[in-house]
2 protein chains.
Amino acid sequence: MATGRTHRPATRSRGIPEATVARLPLYLRALTALSERSVPTVSSEELAAAAGVNSAKLRKDFSYLGSYGTRGVGYDVEYLVYQISRELGLTQDWPIVMVGIGNLGAALANYGGFASRGFRVAALIDADPSMVGRPVAGMPVQFIDDLEKIVDENGVSIGVIATPAGAAQQVCDRLVAAGVTSILNFAPTVLSVPDGVDVRKVDLSIELQILAFHEQRKAGEEPGAGAEAVLPPVVRDAGAAAAAEGRKGPDGDMPAVMPA
Amino acid sequence: MATGRTHRPATRSRGIPEATVARLPLYLRALTALSERSVPTVSSEELAAAAGVNSAKLRKDFSYLGSYGTRGVGYDVEYLVYQISRELGLTQDWPIVMVGIGNLGAALANYGGFASRGFRVAALIDADPSMVGRPVAGMPVQFIDDLEKIVDENGVSIGVIATPAGAAQQVCDRLVAAGVTSILNFAPTVLSVPDGVDVRKVDLSIELQILAFHEQRKAGEEPGAGAEAVLPPVVRDAGAAAAAEGRKGPDGDMPAVMPA
DNA sequence: GAATGTGAAGATTTTCACAGCG
DNA sequence: CGCTGTGAAAATCTTCACATTC
């Protein structure tokens, strides 16, 4: 590959801010729920509440798409569903392949929300020969040797990686070489891809760690607030570390001994 | 509840920017890998590459934690592992409960990365009586009626929701009432929680939709670049919409007929 | 009157670039 | 000299507040 490396720093998507794009699916879901209840129109205030954002942000977001509302009235639900779907590319059919049909992969394959809304699981692929042929979510698992063929024949451009961390980069390389240009990565690894390939990662343990950070904060804060008794969790044996000389932390203090 | 509502807008965590907090787990993982390979020190450049960020960002992030590096040398791997772990609150033991042991819940329970690094699955809970007692990930599923008791007895402050969307808010309310103050939500719903409770959401289909957006972009762009043949996906029947009057989209044009 | 659409202000995040220390 | 730590600039994102339109 010539210029290829990680990330895509500049290529901003035709004016629509990334932060807005990330919220469009939220709006779409809220709108779909309204649509199913046959609600004809909705105000920015109501829709924002349903989507869990504030109304100014929602209106700003929509302003990037165009003027789809009516002043004094609100937004036409069906119309907006269509416009956002179109913007997100969900009026097309996106065949996807899932690689790595372990616990998580199988759960994802069975997950309904996956299959809905324009995405179609074209194939499930695994490297374990004993998995091959076994039906998961009503579809036989295929062997990884056929990955390139499967991608090619189905015109797949989106791949989902749910393999163990060790296999992820290799699988990723093969997917990319076969023509996949978007990857959703569930393996706890940083994937390196050439320019022009998008990677999104979903990492369960990272989310938990972020929560733990905030949770820790709460424990040391206002002892009256919060819900019920927030009993401070037991302090574990405290991992490992090297010898410190003249380090300064923002707390000022640090543990006198850092265990190895 | 008195003031309670959604989100927590102001309460910035003791100076460390949220964006930085979100990256600390990434650094930690990269550092842990280095540690296992017994690498003693690492430069911001190397570590940044391993974590998939750029080095200026990494150094800035670390500067919020304190001066933990050595100029001309780099960072002591073990020391940094310890400092970041501590900052994230991972030197404590966090008992968590998982509610909703369906496909996804079971997969999560089995997911190793969940149990590692300070998190301990204290209980698996489900509302389906036929699940109760069944062992999942070597642990018997408990009935949802005991939720409050389980949370209380184990001092749980972090809950994971992997129920169907319809049950999520109800489960959330019970968790919060029982004393849980951080929630990781896998159900495709916006959860409403009182102030002081953190919610993080992981949504598989949203991630896919964001990828689809970028994928759609690529198709309409430079037809030479990208990998191999990017065959444009088949256009589906195009969902639903209302009649349009004088709307203007940023493209100027829009479909003449919008199917209902 | 009601609610959108949006400039402008404010806040946060990223990047630059280099002073300062080992 | 090499690499960290960090002010300052740039970019991005959020919020305000109100003119505009139905």
*Asks:* Can Q169(B) and T189(B) be said to form a side chain to side chain donor-acceptor pair (under 3.5 Å), step by step?
*Replies:* CA-CA 8 Å; Q169(B) 182 64 57; T189(B) 307; over 6 Å; no

*Asks:* Can you tell me the distance, in whole Å, between the CG atom of L58(B) and the P atom of dT15(C)?
*Replies:* 12 Å

*Asks:* Output the rounded distance in Å from CD (Q83(A)) to C1' (dG5(C)).
*Replies:* 16 Å

*Asks:* Between the base of dT21(D) and the side chain of R71(A), is there any donor-acceptor pair under 3.5 Å?
*Replies:* no

*Asks:* Rounding to an integer number of Å, can you tell me how far E18(A) CD sits from dT14(D) P?
*Replies:* 11 Å

*Asks:* Using a cut-off of strictly less than 4.0 Å, decide whether Y75(A) has a side-chain nitrogen or oxygen near OP1 or OP2 of dG5(C).
*Replies:* yes

*Asks:* Separation of F62(B) atom CZ from dT13(C) atom C1', in whole Å?
*Replies:* 17 Å

*Asks:* List the atom of V193(B), the atom of C172(B), and the distance in Å for their closest heavy-atom pair.
*Replies:* CG1-SG, 3.4 Å

*Asks:* Would you indicate whether the side-chain heavy atoms of K57(B) and N54(B) approach each other to under 4.5 Å?
*Replies:* yes

*Asks:* Tell me which nucleotide among dT20(D), dG20(C), dT14(C) gets nearest to the side chain of K57(B).
*Replies:* dT14(C)

*Asks:* Taking the side chain of A19(A) as its heavy atoms from C-beta onward, which of dG22(C), dT14(D), dT13(C) lies nearest to it?
*Replies:* dT14(D)

*Asks:* Any salt bridge linking R23(A) with E18(A)? Criterion: basic side-chain nitrogen under 4.0 Å from a carboxylate oxygen.
*Replies:* no

*Asks:* One pair to check against salt bridge (Lys or Arg N to Asp or Glu O under 4.0 Å): R59(B) and E45(B). What are the steps and the verdict?
*Replies:* CA-CA 9 Å; R59(B) 287 198 304 277; E45(B) 203 72 58; 5.2 Å; no

*Asks:* Provide the closest heavy-atom pair for Y27(A) versus L47(A) in the form atom of the first, atom of the second, distance.
*Replies:* O-CD1, 4.4 Å

*Asks:* I need the residues from residues 37-47 of chain A with at least one non-hydrogen atom less than 4.0 Å from DNA chain C; give them sorted by number, or say none.
*Replies:* S43(A), S44(A)

*Asks:* In terms of side-chain heavy atoms of K60(A), which of dC18(C), dA8(C), dC16(D) is nearest?
*Replies:* dA8(C)

*Asks:* Counting side-chain heavy atoms from CB outward, which of dT13(C), dT14(D), dC18(D) is closest to R59(A)?
*Replies:* dC18(D)

*Asks:* By side-chain hydrogen bond (donor to acceptor under 3.5 Å, both in side chains), which residues pair with T41(A), not counting sequence neighbours?
*Replies:* none

*Asks:* CG of D61(A) versus P of dT15(D): gap in Å, rounded?
*Replies:* 11 Å

*Asks:* Taking side chain as C-beta onward, heavy atoms only, is I158(B) less than 4.5 Å from L184(B)?
*Replies:* no

*Asks:* Which angle, rounded to 10°, do you find between the first-five-pair axis and the last-five-pair axis of the helix from dG1(C)-dC22(D) to dG22(C)-dC1(D)?
*Replies:* 10°

*Asks:* What's the CG-P distance between L80(A) and dT4(C), to the nearest Å?
*Replies:* 11 Å

*Asks:* When the nearest nucleotide of DNA chain D is assigned to A56(A) and to V73(B) on a heavy-atom basis, which residue is associated with the more 5' position?
*Replies:* V73(B)

*Asks:* In terms of side-chain heavy atoms of R23(A), which of dT14(D), dT6(D), dG2(D) is nearest?
*Replies:* dT14(D)

*Asks:* Counting side-chain heavy atoms from C-beta on, which of dT15(C), dC13(D), dG2(D) comes nearest to N54(B)?
*Replies:* dT15(C)

*Asks:* With distance as the sole test, does K218(A) use its side chain to make a donor-acceptor pair with the main-chain N or O of G196(B) at under 3.5 Å?
*Replies:* yes

*Asks:* Counting heavy atoms from C-beta on, name the nucleotide in dA19(C), dA3(C), dT14(D) closest to the side chain of Y64(A).
*Replies:* dT14(D)

*Asks:* Could you tell me if the side chain of S44(B) sits less than 4.5 Å from the side chain of L58(B), heavy atoms only?
*Replies:* yes

